[in-house]
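So the structure is just underneath, and the comments pick up after that.
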Amino acid sequence: MDIKLVLGDHSSLYSFARGESVLSAVEKSFPEQKRSIVAARVEGSLVDLTTVPSSEGTIELVTTGSREGLEILRHSASHIMAEAIKELYPDAKLAIGPAIDSGFYYDIDMARTLAPDDLGVIEEKMHEITQRGEHFVRRDVPIAEAVQLFKEQGDQYKVEILSEIPATTVSLYTQGAFTDLCRGPHIPSTGYLKHFKLLSIAGAYWRGDEKNKMLQRIYGTAFPSKEELAGFITAREEAAKRDHRKLGQQLDLFSIQEQAGPGLVFWHPKGAIVRKEIEDFWRAEHIKRGYEFVYTPHIANLELWKTSGHWGFYQQNMYSPLQVDEEQYMLKPMNCPFHILIYKSQVRSYRDLPLRWAELGTVYRYEKSGVLHGLLRVRGFTQDDAHLFVRPDQLNDEVKGVLDFTRHMIETFGFTKYNIYLSTRPEHSVGSDENWEMATEALRVALTEMQLPYKIDPGEGVFYGPKIDVKLVDAIGREWQGPTVQVDFNLPERFDVTYIGEDGKEHRPIMLHRVVLGSMERFFGTLIEQYAGAFPVWLAPVQVEVVPITDVQEEYAARVADRLSARGIRAKVDTRREKMQAKIRDAELQKVPYIAVVGAREASADAVAVRKRHEGDQGAMQVDEFLEKVLEDIRTKVIFS
RNA sequence: GCCGACGUAGCUCAGCUGGUAGAGCGGUUGAUUUGUAAUCAACUGGUCACCCGUUCAAUUCGGGUCGUCGGCUCCA
């Protein structure tokens, strides 16, 4: 039987003997790569290499160089880890153990609580298993038989999984004395796994539901080569250096103080100036786009929050009421009801719409203690909020306008790592089907017309309307929701918001909630990680550090700094009794974009010796020329490392 | 909130099996006057997160609280 084996660009025609497996053909056809070939694709589906072909055709070989191949390797690694755990701790009950983006994990339920030191022990056992070279053997069995098997083993989680599988047969994979329920495919033998590392232990609820038992999850990773594994470890260490919490401390940007409480941010002068620059830019861009600004209070009567529905739907995120005279007041978790009150302060005509009202509104939300994370998840934050009141016929254009605005912001700040999601109608929601359809369509059309690549997040919309989320990715690859546009039919309804149409009758506007940055805190946090603390000149807390070589040049240095300051440049003179080298080092560590060194030569020539961050000495330059260069960098918002 | 780990000087960290703590950086003072990533010296600095307990004695052992970190779940 002749079958074509395809491996990347290469192919080979192979004649299979009766009962011969793909694996044996691979060993003969591609002896060089046999260790990296882990599975095969037959008629579109992935199968084990141990498969014996039953008809002629083409078989595509899958290597660990591909996404799928790597996943197979890692998934197999999780099985090997499970086998090791079962050997070490026979009472362990296994839940699920999938491959994930960065490796794999397995959730385990057992009496012993694992300590970090145990990872080494488990790893050791895994090495032992890989050296045994146990074959992964697949067996398709009737579901009842599988249930029986796992019941006998006391694997109640597997039994529970099986009870929800609709098929009549399932596949089991056995390596050595260990059998697991699995779709497969797997690597042919445990010997294929060579380069792996267990990374951490964490708690995880069974099926991610906090009502269920907390299991122990072990994270690990595996790679085809030693170099790739080492590269992954180094990349993790590098990412840790970009962590905004670490940089926030080192660069004196912000702090979160135990004395004041968790999740509450203190912006230090250097962080505050960056925020001020962001806000100035934000305001200017809003004016260009026809927005107006509003300011609203931080607290409001509980009745308002009952009207808005927050008291009902959002109470678990709101702080307890404050007693004011005989009334109860709430700290605001959102700005929307306030903007609505401004809207309702007078009768609005169809000619007034769209109204676009923006506010840097500080809100407070209760977040569970375990989810707080530096600046990325806090309890008090300032949203760069805006609400648009639009007529139905304006919805499309307004959504597009917001997306264009968002894109402009993301591009200006140089974000390269983000994902866009369109979230559709959730199970529990308000509003008519027609409204939902129209709004979802408006969002979809806007995304398409703007040529923004996005994924659908089914059922993840807010109860009052669909939304588009832009999720920014942090240094270690976690996603955080930043910019978002949400369509809302609910609040206009609840507050009976209207405008008078051409027909002289009352009509209901649609409301858009949107943020183009997210919140100042979260945006700043991701921004720090994006730049690794090396802000572009326009944002840098100190833009120019003037370094006099000896104290003889201090007066000249001060004059240079004054000239820069007079043009709005943030310049500072380092007058410490230190050697120039030490001053340069500190300025570099503080990631100051320009260092202007002044010695006797420069002082006598109205010049500065310019040093650019990370690039070193740029040579001497007239002060005026340097000044214009810095202003140009600020004006163009140029980004350099 | 839940599971686990962690909490020592402003910062980064040492401190073995209980005998009330150290280093480097920083800060202050003095000396040095220097050409592109750390000049030298002296001094300064800690209720060992907090509370309770065990003990003759607790930074060290046990319990609790608070906070941080990694996850789970949730959101800007």
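Please read all numbers here as calculations on a predicted model, not as lab measurements. Reminder, nothing fancy here: chain letters follow the sequence lines and each chain counts from 1. The figures that follow rest on heavy atoms only: side chains count, while hydrogens, waters and symmetry mates do not.
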Work out how far the C1' atom of B:rC16 is from that of B:rC61, and round it to whole angstrom. 15 Å

What is the nucleic acid contact for A:Gln481, judged by heavy atoms within less than 4.0 Å: base, sugar-phosphate only, or nothing? sugar-phosphate

Between B:rG71 and B:rG35, how many Å separate the two P atoms, rounded to a whole number? 48 Å

Among all residues two or more places apart in sequence or in another chain, which pass the salt bridge (charged side-chain N to carboxylate O under 4.0 Å, His left out) test with A:Glu529? none

Look at the aromatic rings of A:Phe389 and A:Trp357 and report parallel, tilted or perpendicular, splitting at 30° and 60°. perpendicular

Just call it for A:Arg478: base, sugar-phosphate, or nothing, with non-hydrogen atoms closer than 4.0 Å on any strand. sugar-phosphate

Quick one: do A:Arg576 and A:Asp586 make a salt bridge, cutoff under 4.0 Å? yes

Categorize A:Glu367 for me: base, sugar-phosphate, or nothing, with a 4.0 angstrom heavy-atom threshold over every strand shown. base

Ring geometry between A:Trp282 and A:His286 (parallel below 30°, tilted from 30 to 60°, perpendicular above 60°): tilted

Any Lys/Arg nitrogen of A:Asp474 or A:Lys417 sitting under 4.0 Å from an Asp/Glu carboxylate oxygen of the other? no

In plain terms, say whether A:Asp633 and A:Lys629 are close enough for a salt bridge, that is, a side-chain N and a carboxylate O under 4.0 Å apart. no

5' to 3' on RNA chain B, which nucleotides open and close the contacts with chain A (atom under 4.0 Å from a heavy atom)? B:rG1 to B:rA76

What's A:Glu602 touching, base or sugar-phosphate or nothing? Going by heavy atoms closer than 4.0 Å. base

Is there a donor-acceptor pair under 3.5 Å between the side chain of A:Lys158 and the backbone N or O of A:Ala95? yes

Please state the C1' separation for the pair B:rC43 and B:rU59 - nearest whole angstrom. 26 Å

Base, sugar-phosphate, or nothing: which does A:Gly208 touch, judged by heavy atoms less than 4.0 Å apart? sugar-phosphate

Within the structure shown, what part of the strands sits under 4.0 Å from A:Gly370 by heavy-atom distance: base, sugar-phosphate, or nothing? base

Atom CD of A:Gln259: over 12 foreign heavy atoms under 6.0 Å: no

For B:rU12 versus B:rG45, give the span between their C1' atoms, rounded off to a whole number of Å. 16 Å

What's A:Tyr366 touching, base or sugar-phosphate or nothing? Going by heavy atoms closer than 4.0 Å. sugar-phosphate

Base, sugar-phosphate alone, or nothing: which one does A:Ala115 contact when heavy atoms must sit under 4.0 Å apart? nothing

Would one find more than 12 heavy atoms of other residues, nucleotides or ligands at under 6.0 Å from atom CD of A:Glu124? no

Both atom distances under 3.5 Å, Watson-Crick or G-U wobble: I'd like the secondary structure of RNA chain B as a dot-bracket string, with | for pairs made across strands. (((((((..((((.....[..))))((((((.......))))))....(((((..]....))))))))))))....

Distance between P atoms of B:rG19 and B:rU60 (Å, rounded): 11 Å

Report which part of the nucleic acid A:Val515 touches: base, sugar-phosphate, or nothing (heavy-atom distance under 4.0 Å, all strands). nothing

Could you check whether A:Glu258 gets within reach of a base, just the sugar-phosphate, or nothing at all, counting any heavy atom under 4.0 Å? base

Name the nucleic acid region contacted by A:Val547, choosing base, sugar-phosphate or nothing; use a 4.0 angstrom heavy-atom cut-off, strictly under. nothing

Report the residue (A:Leu376 or A:Ile256) whose heavy-atom-nearest nucleotide on RNA chain B is the more 5′ of the two. A:Ile256

Report which part of the nucleic acid A:Gly518 touches: base, sugar-phosphate, or nothing (heavy-atom distance under 4.0 Å, all strands). sugar-phosphate

I want to confirm an ordering. Mapping A:Arg611 and A:Asp469 to their closest nucleotides on RNA chain B, which one lands closer to the 5' end? A:Arg611

At 4.0 Å (heavy atoms only), tell me whether A:Ala609 reaches a base, stays on the sugar-phosphate, or touches nothing. base

For B:rG46 versus B:rG27, give the span between their C1' atoms, rounded off to a whole number of Å. 15 Å

Answer with base, sugar-phosphate or nothing: what part of the nucleic acid does A:Arg365 contact at a heavy-atom distance below 4.0 Å? base

A:Gln590 side chain vs A:Gln250 backbone, donor-acceptor pair below 3.5 Å: yes

Check whether any side-chain N or O of A:Gln383 sits under 3.5 Å from a backbone N or O of A:Thr362 as a donor-acceptor pair, and report yes or no. no

For B:rA21 and B:rU29, measure between their P atoms and round to the nearest Å. 30 Å

